[in-house]
Amino acid sequence: MEGLGLVDGKFVGLDEYVVPIEDRGHLFGDGVYEAVVVWGSKPFMVVEHMERMFNSAALIRMDLPYTLEELIKFHLQLIEKTGFEEALIYSQFTRGVAPRKHPFPLEVKPRLSMTIRPWVRLDSNLKINGAKAVLLPDERWLKCNIKSLNLLGNVLAKQTATENGCFEAILHRDGYVTEGSSSNVFVVKDSVIYTAPTSNKILAGITRGVILKLAQENNLILKEETFSPDFLLAADEVFLTGTTTEIMPIVSVNNQAIGDGRVGTISKILHEVYMNIIARECHLLP
Ligand code: PDD
């Protein structure tokens with residue numbers, strides 16, 4: 001099976017036409033989303049992801065018609081129905097279906113659609129040897145803390161990165177690095193880890209949150225502080241975090257080597273500890 005969809009509680013094939021032409025997600029990108037990785041048939045950090053979905057929805061003044069428990073149940077149903085052990089579950093709410101007018105329509109119900117697909121992990125060579133990134137101006141709107149369906153700024157940045165043979169675009173605004181087009185950014189300088197503080201300019205990544213905790217537990221010094229693109233270029237290590245990105249070491253930015261151009265020690269340690277957490281939480285360990 002290549003995957004399965006779930007629309008407002010009903011299973012659908014991935015090739016079925018299920019989006020009404022006047023769905024506001026389709027017309028305006030008026031909605032929010034989440035992506036959860038499944039390991040060992042367990043949705044990793046699904047509670048945190050669904051809590052963030054409620055938060056994003058509240059920030060665009062949308063009341064979700066399901067409870068946290070129901071959303072978790074939908075994840076489990078998709079896993080059970082497909083039998084996938086490693087998968088990616090994508091879910092999104094749109095504000096609903098109504099004739100195209102900008103103001104919120106009255107009495108429409110937000111629509112939930114979800115998909116599950118087998119999860120193909122990133123090429124392990126990238127993790128071992130490190131990936132490349134490019135610095136680009138952050139041209140997105142000023143509510144990047146909302147996991148909104150509107151991703152044009154992110155898509156355009158990622159496309160430029162891809163066309164330059166890079167894994168990620170690292171964005172900067174007002175002289176400071178914000179985040180990647182689909183990841184959070186960390187740098188290491190003189191054994192201190194830095195990442196941009198949470199604000200309206202970045203998404204408070206779930207993986208980012210895990211790294212903050214892991215740094216504390218492993219006695220690593222981590223500062224949530226802004227830093228400039230020049231500081232990043234002069235760093236000893238750079239790495240990215242994200243649900244699908246996991247912990248990705250970056251060894252070259254703008255074709256300039258970071259540190260000695262090899263994957264750094266702290267990036268390696270955090271990657272290892274992070275993968276151990278997944279293994280433990282998803283019962284992959286014997
Ligand atoms: N992206 N910043 C942005 C802009 C993101 O899109 C993402 C995740 C992150 C990392 O967040 P988390 O650790 O919660 O995955 C940061 C998802 C996976 C995506 O759009 O596919």
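The figures that follow rest on heavy atoms only: side chains count, while hydrogens, waters and symmetry mates do not. Numbering of ligands and ligand atoms starts at 1, following listing order. Just so it is clear, the structure is predicted and the values come from calculations on it, not from any experiment.
- Nearest to atom 6 (O) of ligand 1 among the protein's heavy atoms is Ser182 CA, 3.5 Å.
- Where the criterion is an N or O separation shorter than 3.5 Å, residue side chain and backbone included, Arg208 fails it with respect to ligand 1.
- Residue Glu48 places no heavy atom under 4.0 Å from ligand 1.
- Within the 4.0 Å cut-off (strictly below), no protein heavy atom is located near atom 21 (O) of ligand 1.
- One finds a salt bridge joining Lys158 and Glu168 here, because a Lys/Arg side-chain nitrogen approaches an Asp/Glu carboxylate oxygen to under 4.0 Å.
- For atom 19 (C) of ligand 1, the nearest non-hydrogen atom of the protein is Tyr33 OH, 3.7 Å.
- Remark: ligand 1 atoms within the under-4.0 Å shell around heavy atoms of Asn184 are 10 (C), 16 (C).
- Glu237 has no carboxylate O lying under 4.0 Å from a charged side-chain N of Lys268, or vice versa, which leaves the two without a salt bridge.
- Between Arg117 and Glu2, at least one side-chain nitrogen of the basic residue sits less than 4.0 Å from a carboxylate oxygen of the acidic one, meeting the salt-bridge criterion.
- For atom 17 (C) of ligand 1, the closest non-hydrogen atom of the protein is Lys147 NZ, 3.3 Å.
- Here is the list of ligand 1 atoms found below 4.0 Å of a heavy atom in Thr243: 12 (P), 13 (O), 14 (O), 15 (O).
- Under 4.0 Å is where a charged nitrogen must lie from a carboxylate oxygen, and between Lys127 and Glu246 at least one such pair does.
- When only interatomic distances are considered, the shortest N/O to N/O separation between Arg52 and ligand 1 falls below 3.5 Å.
- Among all protein heavy atoms, the one lying closest to atom 2 (N) of ligand 1 is Glu179 OE1, 2.7 Å.
- Distances between N or O atoms of Thr207 and those of ligand 1 include at least one value under 3.5 Å.
- Those atoms of ligand 1 that come under 4.0 Å of a heavy atom in Asn154, given as number and element, are 4 (C).
- Only the backbone of Ser181 comes within contact range of ligand 1, with a heavy atom under 4.0 Å; no side-chain atom does.
- In this structure, Arg95 satisfies the cation-pi test against Phe104, with its NZ or CZ atom closer than 6.0 Å to the six-membered ring centre and inside 45 degrees of the ring normal.
- At a threshold of 4.0 Å, the pair Lys201-Asp138 does not count as salt-bridged, since none of the basic side-chain nitrogens sits closer than that to a carboxylate oxygen.
- No part of Leu151 comes within 4.0 Å of ligand 1, judged by heavy-atom distances.
- Closest to atom 11 (O) of ligand 1, if we only count protein heavy atoms, is Gly205 CA, 3.4 Å.
- With respect to the salt-bridge test (charged N to carboxylate O, under 4.0 angstrom), the residues Glu179 and Arg140 qualify.
- At least one N or O atom of Ile206, backbone or side chain, sits closer than 3.5 Å to an N or O atom of ligand 1.
- Applying the salt bridge (Lys or Arg N to Asp or Glu O under 4.0 Å) test between Asp30 and each of Arg100, Arg24, Arg111 identifies Arg24 as the sole match.
- For the pair Lys189 and Tyr194, the NZ or CZ position fails the cation-pi test of under 6.0 Å to the six-membered ring centre and within 45 degrees of the ring normal.
- For Pro197 against Ile202, the heavy-atom pair with the smallest separation is O-CD1, 3.7 Å.
- Residue contact annotation: Tyr90 has no non-hydrogen atom under 4.0 Å from ligand 1.
- Those atoms of ligand 1 with a heavy atom of Gly242 less than 4.0 angstrom away are 10 (C), 13 (O), 15 (O).
- In summary, Lys147 and Glu34 do not engage in a salt bridge, as defined by a charged side-chain N under 4.0 Å from a carboxylate O.
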